[in-house]
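Remarks on the structure that follows.
None of the values given here were measured: they were computed from a predicted structure.
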Amino acid sequence: DEQSLPPHLNLVAKWQPLSIAAEQYRMAATRLVLSTEGRGSTVVEVTSALKGEGKTTTVVNLGYTLARDLGRNVVLIDCDFRCPALHSYVTIPASSGLVEFLDDELPLKNCLSAIDEVSCSILPVGNVGKELNELTRIQQLKTRLPELRNNFDFIIVNTPPVLPSATMGILSSLADMLILVIRAGVTPQHL
């Protein structure tokens, strides 16, 4: 159960590479690469209906697998401003993050954290003490996407859950692809 493990241990692609779950992430990553062949840089947003369905775990495992197993250069961006979690997976932290990048306080390279030695970077939310008007921040991200596309094969965005957030309407307009995570046997069908 995702809720009972420390966040970094949910990175099954690293800690349990021979597990069925890790193999499922390899299959998903391979499908993603094949479906975007020739497209250039791809923005993938991962969301769920509600909090706790495994979207952040999916973002990290998918990004890690794309980088380690398929040789892609990947950045994971935490746009879940109310409940940021990607920083929990960082092994080499940066002092800043998305907010500082969007505000032009620091260049992109100074805002990226790393997971091990694979080509998968994390752009955490950053200074949560700053103004985090989500809708404004998403508009800022839209203007910075060309720079991100120039630096990464895959930009995987960890978004807020769909139902309690108005942000998803704007965020989804930035994506080339949207992945909806549904927790089997838990997510109510009507949602």
Determine whether [X] and [Y] fall in the same hydrophobic cluster, where Ile, Leu, Val, Met, Phe, Trp and Tyr are linked whenever their side-chain heavy atoms lie under 4.5 Å apart.
X: Ile179; Y: Met27; result: no
X: Leu62; Y: Trp15; result: yes
X: Leu148; Y: Leu174; result: yes
X: Ile77; Y: Leu145; result: yes
X: Leu106; Y: Val90; result: no

Which pair of heavy atoms, one from [X] and one from [Y], lies closest together, and at what distance?
X: Val74; Y: Ala67; result: CG2-N, 4.1 Å
X: Val125; Y: Pro84; result: CG2-CB, 3.5 Å
X: Leu70; Y: Thr30; result: CD1-N, 3.8 Å
X: Ser96; Y: Pro124; result: O-CG, 4.0 Å
X: Thr143; Y: Gln140; result: OG1-O, 2.6 Å
X: Ala94; Y: Leu112; result: CB-O, 3.2 Å

Taking [Y]'s backbone N and O only, do any of them form a donor-acceptor pair with [X]'s side chain (distance below 3.5 Å, no angle check)?
X: Glu100; Y: Gly126; value: no
X: Thr91; Y: Ala114; value: yes
X: Ser48; Y: Val181; value: no
X: Asp153; Y: Asn73; value: yes
X: Arg82; Y: Pro160; value: no
X: Lys55; Y: Thr159; value: yes
X: Ser41; Y: Phe154; value: no

Less than 4.5 Å apart, any side-chain heavy atom of [X] and any of [Y]?
X: Phe152; Y: Leu108; result: yes
X: Cys120; Y: Leu76; result: yes
X: Val99; Y: Arg137; result: yes
X: Leu32; Y: Val44; result: yes

Got a sec, which residues hit side-chain contact (heavy atoms from CB on, under 4.5 Å) with [X], two or more places apart in sequence or on another chain?
X: Ser19; answer: Val12, Gln16, Ala21, Ala22
X: Asp176; answer: Arg39, Thr42, Val43, Arg149
X: Leu180; answer: Thr47, Ile182

* Kindly indicate, with the supporting measurements, whether the criterion side chain to side chain contact (heavy atoms under 4.5 Å, CB included) is fulfilled by Met177 and Ser35. => CA-CA 10 Å; Met177 186 176 292; Ser35 70; 3.6 Å; yes

* Asked: Below 4.0 angstrom, N of the basic side chain to O of the carboxylate: do Arg144 and Asp103 qualify?
  ->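 Salt bridge flag = no for Asp103 with Arg144.
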
* **Separation of Leu11 CG from Tyr25 OH (nearest 0.5 Å)** =>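 The distance works out to 9.5 Å.
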
* Asked: Quick one: side chain to side chain donor-acceptor pair (under 3.5 Å) partners of Asp78, sequence neighbours excluded?
  ->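 Asp78: side chain to side chain donor-acceptor pair (under 3.5 Å) contacts with Asn158.
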
* Using a side-chain heavy atom cutoff under 4.5 Å and only I, L, V, M, F, W and Y, what cluster partners does Ile20 have? ->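 Same cluster as Ile20: nobody, lone residue.
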
* Would you list the pairs meeting salt bridge (charged side-chain N to carboxylate O under 4.0 Å, His left out) in which at least one residue belongs to residues 64-76, sequence neighbours left out? =>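 Residue pairs passing salt bridge (charged side-chain N to carboxylate O under 4.0 Å, His left out), neighbours aside: Arg26-Asp69.
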
